[in-house]
Amino acid sequence: MHHEQRQRAHDLLRQHNLNRALFAHPETITWLTGFAPFVELGQSPFIAGPSLVWYDSGHFTLIVLDSQADLARDFAADPDATLLTYDGYTIVQPIRAVASMTGILHDLLAASKGSGSVGLEQDMLTARQLHALQTALNTPAITPIDGWLKPLRMVKTAEELVKIRRSFELADIGYPVVREAVRPGAREIDVWAALDSAIQQAAGQRIPLGNDCVVSTRANNIGGLPLNHHIHPGDSLIVDISAIHQGYWSDGCRTFYATDPTPDQIQRHRFIQDALDYAISLVKPGVKTNNIDAQVRAFIERGGYPVYPHHTGHGIGVSGHEEPRIVPYNEVILEAGMVILLEPGTYIPGQAACRLEDGLLVTTDGAEILSHTSRNLE
């Protein structure tokens with residue numbers, strides 16, 4: 001599991017003459033190992049902090065809470081990797097999760113084959129966690145490596161694409177439910193509850209979901225969590241769904257109408273459909289992401305609509321927003337194997353809003369659309 005990802009990380013560390021490193025960012029842990037813990041409802045007192053991956057001279061060791069070991073069973077079965085657990089919940093002694101994790105790190109350092117500086121991901125750590133890890137590492141030579149693996153994550157492996165495709169399948173389950181739920185008198189939260197229930201039941205397990213469910217009459221109608229806002233006749237509703245399957249995200253957006261759309265809504269919706277089709281036509285290896293961004297914004301402007309104030313798109317994988325970002329400043333060049341989102345829209349605060357978004361796999365000669373829910377007015 002995730003051998004190719006670990007090989008990429010190994011090669012990068014060797015280039016920097018680092019033969020020991022400690023990875024602590026949750027996205028990094030999932031990318032390196034496939035381990036994806038359930039979403040916590042706040043900080044659990046039994047967890048010492050993020051799960052960790054210790055790299056030592058080509059060998060990877062995953063360190064997780066004892067109660068989460070079953071989620072790492074595939075990684076544990078790998079003969080070239082090691083799974084270690086630390087004590088969390090207990091009734092036979094005080095809970096000492098941080099000390100337990102720190103003890104494991106002390107043991108790993110004592111048995112280390114490597115020498116010299118230790119790479120450390122530290123941006124996601126609290127001051128207490130960072131102090132505990134630095135004490136365990138017991139070396140003044142620490143090299144910050146936050147963000148080092150992000151460029152390596154852009155091109156997906158075949159294993160990752162299987163998980164990403166399943167995430168898009170789960171998200172697609174929600175949109176037909178939304179179409180039935182959007183009606184005058186319903187609230188944003190009612191619509192979200194309906195799609196959430198449908199996806200969970202289809203998955204047969206808990207699936208974390210995001211992102212937006214906002215009625216057009218909101219003052220800020222670009223995006224936001226579903227609230228108690230009621231849907232009235234003539235309103236539109238932007239519903240942006242991300243599903244997370246085994247740590248991998250999908251993303252997509254559709255716009256729905258509470259009653260028969262007005263001529264203005266029909267015209268706006270069809271224009272954004274054309275904008276998305278145009279954006280997709282620009283996708284191919286070798287294209288700079290900021291060129292796509294500029295051309296799609298110009299398309300909206302030529303149509304006489306307000307240009308959206310957000311990104312034109314972004315990458316996706318073990319997080320909902322990854323490189324390549326499709327924004328004005330970014331000159332990252334598209335490569336086959338990247339998974340990106342494109343999401344043109346147009347908004348008039350408190351009055352009208354329309355956004356459509358598809359997921360795309362960059363192929364050798366263009367793009368494969370990963371979203372399979374119709375964007376048409378129905």
Side-chain angles (χ1 to χ4, degrees), residues 162-218 221-246 248-262 265-266 268-277 280 316 320 339 341-345 352-361 368-378:
V162 170
K163 297 175 182 180
I164 290 171
R165 290 181 190 279
R166 178 56 178 158
S167 294
F168 276 98
E169 290 172 359
L170 290 169
D172 279 334
I173 291 168
Y175 294 114
V177 176
V178 172
R179 196 176 298 280
E180 296 299 320
V182 175
R183 59 184 184 277
R187 301 169 300 169
E188 294 169 341
I189 192 63
D190 298 328
V191 174
W192 192 263
L195 76 86
D196 181 281
S197 177
I199 292 173
Q200 308 298 332
Q201 292 182 57
Q205 65 184 72
R206 183 181 174 196
I207 298 293
L209 298 176
N211 301 309
D212 304 321
C213 183
V214 293
V215 70
S216 55
T217 48
R218 277 207 205 189
N221 57 11
I222 295 174
L225 296 175
L227 299 174
N228 195 42
H229 295 287
H230 282 79
I231 302 169
H232 299 97
D235 287 348
S236 63
L237 190 78
I238 286 176
V239 180
D240 191 309
I241 304 175
S242 287
I244 308 174
H245 171 66
Q246 295 183 357
Y248 281 81
W249 289 62
S250 61
D251 198 357
C253 185
R254 298 291 183 262
T255 301
F256 300 88
Y257 301 89
T259 49
D260 290 339
T262 66
Q265 287 173 331
I266 293 171
R268 180 182 293 105
H269 192 109
R270 289 178 175 167
F271 175 76
I272 296 302
Q273 277 185 294
D274 291 341
L276 181 51
D277 286 335
I280 293 171
I316 204 166
V339 175
L341 285 301
L342 292 174
E343 49 182 310
C354 182
R355 180 168 77 246
L356 299 172
E357 178 182 27
D358 275 343
L360 307 166
L361 170 63
E368 174 193 346
I369 299 176
L370 301 175
S371 311
H372 297 297
T373 296
S374 172
R375 312 187 227 117
N376 296 333
L377 283 162
E378 296 179 4

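- Two residues are said to be in side-chain contact when any heavy atoms from C-beta on lie closer than 4.5 Å; Tyr257 and Leu377 meet this criterion.
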Check step by step if salt bridge (Lys or Arg N to Asp or Glu O under 4.0 Å) holds for Asp190 and Arg183.
CA-CA 10 Å; Asp190 298 328; Arg183 59 184 184 277; over 6 Å; no

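- Listed by chain and number, the residues in a side chain to side chain donor-acceptor pair (under 3.5 Å) with Asp260 amount to none (sequence neighbours excluded).
- In this structure, Asp274 has no salt bridge (charged side-chain N to carboxylate O under 4.0 Å, His left out) partners at least two apart in sequence or on a different chain.
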Between Leu341 and Leu360, is the side-chain contact (heavy atoms from CB on, under 4.5 Å) condition met? List the steps.
CA-CA 6 Å; Leu341 285 301; Leu360 307 166; over 6 Å; no

List the steps, then state whether side-chain contact (heavy atoms from CB on, under 4.5 Å) holds for Phe168 with Leu361.
CA-CA 12 Å; Phe168 276 98; Leu361 170 63; over 6 Å; no

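- A donor-acceptor contact closer than 3.5 angstrom is absent between the side chains of Asn221 and Ser216.
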For the pair Leu370 and Arg165, evaluate side-chain contact (heavy atoms from CB on, under 4.5 Å) and give the outcome as yes or no after the intermediate values.
CA-CA 7 Å; Leu370 301 175; Arg165 290 181 190 279; 3.5 Å; yes

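- Rounding to the nearest 0.5 angstrom, the gap separating the CG atom in Leu276 from the CD atom in Glu343 is 10.0 Å.
- Looking only at side-chain heavy atoms (C-beta outward), Cys253 and Asp212 stay at 4.5 Å or farther from each other.
- Ser167 places a side-chain N or O within donor-acceptor distance of the main-chain N or O of Tyr248, the cut-off being under 3.5 Å.
- Judged purely by atom type and a 3.5 angstrom limit, Ser371 uses its side chain to pair as donor or acceptor with the backbone of Gly359.
- When all heavy atoms of Ala181 and Ala186 are compared, the pair lying nearest together is O-CB, 3.8 Å.
- Counting all heavy atoms, side chain and backbone alike, Leu356 lies closest to Thr255 at CD2-N, 3.9 Å.
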Derivation and outcome, side-chain contact (heavy atoms from CB on, under 4.5 Å), residues Ile266 and Arg270
CA-CA 6 Å; Ile266 293 171; Arg270 289 178 175 167; 3.6 Å; yes

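- Closest approach of Trp249 and Asn211 over heavy atoms only: CZ3-OD1, 4.1 Å.
- The two residues Cys354 and His269 make their nearest non-hydrogen contact at SG-CA, 3.8 Å.
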